[in-house]
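Position 1 is the first residue of the sequence; numbering continues from there.
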Amino acid sequence: MLFGYLGVLIAAATGFVAEVPDTLKTRLVPTNEVRGVFVQTKTLPTGEKFVSSGDYCVRPGVDFSWRTTDPFDTLFFATQKEYVYSNEDEVVSRPLKDLPGFSNFAEAQAGDFSGYFKAFDSLYKEEDGRFFVLSRPKVFTLKKVLERVEIEGDSTNLLMKATFPDKTTIEVRLTDLPSGSAGLLK
């Protein structure tokens, strides 16, 4: 289904977008706490799949948690100043500014996606309450390692897929839980 919509998107596109449309910006830069679950699937060109799952919590201006619970426990937790990564073997804590590429994330968190549009050409479409994005790198260093990024979603679900030159893909499916849902990230 994702690819069918992307085909329509490409055929109907009149040009590339230069800023994030409001519907997508609302999803990418929430103003209220968002909790949910994710499934991440890495598929090799051979068809072999590696699946992990867990939960996430975004508290705008406060912190972000990404906890993998299957196949094993890990936690990435970031405040406005530092991040902590932990698994069964180690705990690493560092200033957030030391995280590679952090400046790009900081700008996006503030709603400034200009860095993204410097690095990618993107097509956008909305239909029946859903949005669809197809982005291709325009920066040479990215073109060498990334073929395209596809995003499909609505107000509570998001599917992001990155395709690499060797046809390896990484797909992340996010499903927000209703506000007030208990049990996550206690």
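Residue F131 holds its CZ atom at 6.5 Å from OH of Y124, rounded to the nearest 0.5 Å. Taking OG1 of T175 as the start and CG of L159 as the end, the distance is 9.5 Å to the nearest 0.5 Å. Of the inter-residue distances, the one linking S53 atom OG with Q40 atom CD reads 10.0 Å to the nearest 0.5 angstrom. In this structure, CD1 in I170 is found 10.0 Å from OG1 in T41, a value given to the nearest 0.5 Å. In this structure, CG on L75 lies 11.5 Å from OG1 on T69, to the nearest 0.5 angstrom. With values rounded to the nearest 0.5 angstrom, K144 atom NZ is found 15.0 Å from F164 atom CZ.
For the salt bridge (charged side-chain N to carboxylate O under 4.0 Å, His left out) test, no residue two or more places apart in sequence or in another chain qualifies with K49. Take T74 and apply the side-chain hydrogen bond (donor to acceptor under 3.5 Å, both in side chains) test, not counting sequence neighbours, and it matches T68. Partners of T163 by side-chain contact (heavy atoms from CB on, under 4.5 Å), not counting sequence neighbours, listed by chain and number: E147, R148, E150, K161, T169. Every residue meeting the side-chain hydrogen bond (donor to acceptor under 3.5 Å, both in side chains) condition with D63, not counting sequence neighbours, appears here in chain and number order: R59. Shown here are the ring pair (Phe, Tyr, Trp, His ring centres under 6.0 Å) partners of F38, two or more places apart in sequence or in another chain: W66. With sequence neighbours left out, the side-chain hydrogen bond (donor to acceptor under 3.5 Å, both in side chains) criterion links K143 to no other residue. With sequence neighbours excluded, the residues satisfying side-chain hydrogen bond (donor to acceptor under 3.5 Å, both in side chains) with T168 are D166.
Nearest heavy atom pair, residue F120 against residue V149, reads CE2-CG2, 4.2 Å. Contact between V133 and S122 at its shortest, heavy atoms only, is CG1-CB, 4.4 Å. Shortest non-hydrogen contact noted between T79 and L96 is O-CD2, 3.3 Å. Heavy-atom minimum distance, L146 versus P137: O-CG, 3.1 Å. In terms of heavy-atom proximity, K167 sits nearest to P45 at C-CG, 4.2 Å. Summarising the geometry of V58 relative to F64, their closest heavy-atom pair is CG2-CD1, 3.6 Å, with the distance given to 0.1 Å.
Residues V37 and V39 do not share a hydrophobic cluster, defined by chaining ILVMFWY side chains whose heavy atoms lie under 4.5 Å apart. Linking Ile, Leu, Val, Met, Phe, Trp and Tyr whenever their side-chain heavy atoms come within less than 4.5 Å puts V34 and F76 in one cluster. Hydrophobic clustering, with ILVMFWY side chains joined whenever heavy atoms are under 4.5 angstrom apart, keeps V84 apart from Y56.
Residue pairs meeting the side-chain hydrogen bond (donor to acceptor under 3.5 Å, both in side chains) criterion with at least one member in residues 82-92, sequence neighbours excluded: E82-S93, Y85-N87.
By the 4.5 Å heavy-atom criterion applied to side chains, S65 and R67 are not counted as neighbours. L174 has its side chain within reach of M160: a pair of non-hydrogen atoms, C-beta onward, lies under 4.5 Å apart.
Counting Ile, Leu, Val, Met, Phe, Trp and Tyr side chains that sit under 4.5 Å apart, directly or through other members, F72 stands alone, with no cluster partners. Other residues sharing the hydrophobic cluster of F50, ordered by chain and number and joined by side-chain separations under 4.5 Å: L44.
A salt bridge is absent between R136 and D121; no separation between the charged side-chain nitrogens and carboxylate oxygens falls under 4.0 Å.
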